[in-house]
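Written below as structure tokens is the structure these notes are about.
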Amino acid sequence: MKPMAAPDFPPGLEWLNIDRPLSVRDLSGRIVLLSFVTFACSNCMRLAPEIRQLEEKYPDLVIVEVHSPGFESVAVSGNFREAVRRAGADHPVAIDHDHLLWQIFGVRDWPTFVLIDPGGNVVGKTAGEGLYGRLNPKIDRIATEFEQRSLLEKGRLHSGTAPETAREGSLYRPGKIAADNAGMRLFISDSGHHRIIVADGSGKIVETIGSGVAGNTDGPFDEAAFYLPGGLAFDEEAGILYVADTGNHTIRMVSWPDRRVATITGTGLAAPSSGEGGPGTGVALNAPRDLELLGGYLYVAMAGANQVWRMDLATHEIEPYAGSGREGLVDGPLEEAAFAGPAGIVTDGEALYVADSGASAIRRIKRGMVETRIGHSPEDFGDLDTIARMARIHHPTGIAYRQGSLYIADTYNHKIKQFDPDTGWVLTRVGNGSRGYRDGLSGDAKLNEPDGLVDFAGLWYIADTGNHTVRVYDPVHHVVSTLNLWK
């Protein structure tokens, strides 16, 4: 786009993580990226790794997040400071109550990003996936040009205040959840805080794995660093927790009693193609979302590759297992089938079941074949409880198994559904179908984009991602409550 002078920030904005209102003049000499996002936006969350890449490559880049209450949930808009604290954002945040910044910068949807050069000119506006690939060369050219002219300010922007930080026990966009039934422990991927919370069934925090600072570092529990950790699988016999470190494109191993985190597969960079597998840390992965243990292997829902992979637990060799790498909903032999961003995986002890989120489908892998049990095409989704071949779900991301039934996090319908593979029936168990937050009778309860779920001591624990909480469903009394974490 043709450069144009950036309009100044209007008065009346509420500013967080900085001790003064900012103006375009304050940012003269700096490269600025305005990030129009919301805390409720899944696409915004998926772009977080790309923003992190830009921040790491260009430490002088100033990120300014812009949030507007009209696009947030009531819980967030009522307390933006708490939402920022949960997110762990360390850059300036502007709360645009009257959508003035949207209007003056011509923003129509989120996430949208506006790039301003050190001369105060708007030099780019973009949205959607592939953010790093589009902005990296442009920022590189701008930095080189203004540095040669001695017009580029170096160093971080002085905020004059400490960034809002996460409170003990708070969660931010928890993703997956697993259980140690023998040790009576829950493992929660506190994805937005880049750590794993270990708690008991009452919510008492036993320990925290990871420093909480985004990164890719092995070592002791308090020094290790994750980035948007997702799927969890606990090997009770070996006492090992496996973590799909989604943002780092790796699989990590958490072991006791040495209390250390180690990377066992993945290079830390996203694979450009599906690849052929090989020795663990020599193979690039692509957005592993969930994990399951079965017969000496760790199976991986590899969302970015549109495949299911498997890793040999003894050798840590990893390879594609099911899916051609093409995006779609195609059944057939393992190497010919197609998935669309698989986000959840579970086993009944024999077959594997996959929550194929992009296809709004549940797939079964058994005896070398992939078969669709719920779903018709990536464009065919909805909310309909009936026999499986006619049922509709929408963007499922979590799946669990208990006593012959599958339990599905029907994410975009804000429900938990039960699927009986023998009878074929699909029935809603939790949620009234509207996004929100409400405890009580399961049919009246409200969830907000639920993800992982696990059966623990007869109760279902649900990572209620959009509400930044863990919810508890009692299937005997049909009641939903909230797990309060405490130390």
Checklist entry - Can you check side chain to side chain donor-acceptor pair (under 3.5 Å) on T126 and R134, steps first, answer last? => result CA-CA 8 Å; T126 187; R134 290 196 297 274; 2.6 Å; yes
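- Here the straight-line distance linking atom NZ of K138 with atom CG of D117 works out to 10.0 Å at 0.5 Å rounding.
- Counting only distance, with no hydrogens or angles, the side chain of D200 and the backbone of G203 share a donor-acceptor pair below 3.5 Å.
- Aromatic ring centroids of F221 and W256 lie under 6.0 Å apart.
- The pair D410-K415 does not count as a salt bridge, with every side-chain nitrogen at least 4.0 angstrom from each carboxylate oxygen.
- Taking the side chain as every heavy atom from C-beta outward, V32 and L115 never approach each other to under 4.5 Å.
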Item to check | Worked verdict on I251 versus T263 for side-chain contact (heavy atoms from CB on, under 4.5 Å) | outcome: CA-CA 6 Å; I251 306 296; T263 301; over 6 Å; no
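- Counting non-hydrogen atoms of neighbouring residues, nucleotides and ligands closer than 6.0 angstrom, the NZ atom of K204 reaches no more than 12 such neighbours.
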Checklist entry - Going through the distances and angles, do N286 and H249 end up as a side-chain contact (heavy atoms from CB on, under 4.5 Å)? => result CA-CA 5 Å; N286 196 334; H249 310 286; 4.3 Å; yes
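- Pairing each heavy atom of T267 with each of G282, the nearest pair is CG2-C, 4.0 Å.
- Inter-residue side-chain proximity for D464 and V470 is flagged as unmet; no heavy-atom pair is nearer than 4.5 Å.
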Next on the checklist: Assess the residue pair I264 and M311 against the criterion (side-chain contact (heavy atoms from CB on, under 4.5 Å)); give the C-alpha distance rounded to whole Å, side-chain angles, the decisive distance to 0.1 Å, and a yes or no.
Outcome noted: CA-CA 10 Å; I264 55 174; M311 185 193 76; 3.6 Å; yes
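- Side-chain contact check for V300 versus V308: every heavy-atom pair is 4.5 Å or farther apart.
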Checklist entry - Taking it one step at a time, do Y227 and H194 satisfy ring-ring contact (aromatic ring centres under 6.0 Å, His included)? => result CA-CA 5 Å; Y227 192 59; H194 318 292; 5.0 Å; yes
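- Nearest heavy-atom pair, L447 versus H414, reported as atom, atom and distance to 0.1 Å: O-CB, 3.4 Å.
- At least one side-chain heavy atom of N136 sits under 4.5 Å from a side-chain heavy atom of Y58.
- Counting only distance, with no hydrogens or angles, the side chain of Q307 and the backbone of A322 share no donor-acceptor pair below 3.5 Å.
- Side chains of Y437 and T469: a donor-acceptor N/O pair is absent below 3.5 angstrom, by distance only.
- Note: T208 OG1 to I197 CD1 = 4.0 Å, rounded to the nearest 0.5 Å.
- Classification of D439 and R471 as a salt-bridged pair holds, one side-chain N sitting under 4.0 Å from a carboxylate O.
- Between D8 and R25 there is no salt bridge, since none of the side-chain N atoms of the basic residue sits less than 4.0 Å from a carboxylate O of the acidic one.
- Here E319 pairs with R310 under the side-chain hydrogen bond (donor to acceptor under 3.5 Å, both in side chains) rule; sequence neighbours left out.
- Under the 3.5 Å distance criterion, the side-chain polar atoms of R185 are left unmatched by any main-chain donor or acceptor of A178.
- Here the straight-line distance linking atom CD1 of I408 with atom CG of N413 works out to 11.0 Å at 0.5 Å rounding.
- When side chains are defined from C-beta on, Y242 counts as touching L293, because their heavy atoms get closer than 4.5 Å.
- Residue N484 holds its CG atom at 10.0 Å from OG of S202, rounded to the nearest 0.5 Å.
- Distance check, rounded to the nearest 0.5 Å: CD of E449 to CG of N467 gives 9.5 Å.
- The minimum heavy-atom distance linking P92 with I18 is given by the pair CG-CD1, 4.2 Å.
- Nearest heavy-atom pair across P450 and I462 is CB-CG2, 3.9 Å.
- In terms of modelled atom types and a separation under 3.5 Å, the side chain of K176 and the main chain of S191 share no donor-acceptor contact.
- P21 places none of its side-chain heavy atoms less than 4.5 Å from the side chain of F9.
- Ion pairing between a basic and an acidic side chain is recognised when a charged N comes within 4.0 Å of a carboxylate O; R252 and D218 show such pairing.
- Comment: R289 engages D451 in a salt bridge, judged by a side-chain N to carboxylate O separation of less than 4.0 angstrom.
- Look at E145 and R149 and you find a salt bridge, because one of the NZ, NE, NH1 or NH2 atoms lies within 4.0 Å of a carboxylate O, short of that distance.
- Using cut-offs of 30° and 60° on the angle between ring planes, the pair H394 and Y412 is perpendicular.
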Next on the checklist: Checking V64 against W15 for the side-chain contact (heavy atoms from CB on, under 4.5 Å) test, could you report, in this order, the C-alpha distance in whole Å, the side-chain angles of both residues, the deciding distance, and whether it holds?
Outcome noted: CA-CA 10 Å; V64 177; W15 290 91; 3.9 Å; yes
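- Counting only heavy atoms from C-beta outward, the side chains of V454 and L186 approach each other to under 4.5 Å.
- Atom NE2 in H395 sits 10.0 Å away from atom CG in D356 (nearest 0.5 Å).
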Next on the checklist: side chain to side chain donor-acceptor pair (under 3.5 Å), that's the test. Do S357 and T397 meet it? Break it down for me.
Outcome noted: CA-CA 6 Å; S357 62; T397 57; over 6 Å; no
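- Two residues are said to be in side-chain contact when any heavy atoms from C-beta on lie closer than 4.5 Å; D60 and I31 fail this criterion.
- Pairing each heavy atom of L13 with each of A94, the nearest pair is CD1-CB, 4.4 Å.
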Checklist entry - Does the pair Y299 and Y321 meet the rule for a ring-ring contact (aromatic ring centres under 6.0 Å, His included), with working shown? => result CA-CA 8 Å; Y299 289 85; Y321 175 70; 5.2 Å; yes
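- Closest non-hydrogen pair, G277 versus V283, comes out as C-CG2, 3.6 Å.
- N248 pairs by the side-chain hydrogen bond (donor to acceptor under 3.5 Å, both in side chains) definition with R52, D245, not counting sequence neighbours.
- Among the candidates V122, I142, L33, the single residue satisfying the side chain to side chain contact (heavy atoms under 4.5 Å, CB included) test with I116 is V122.
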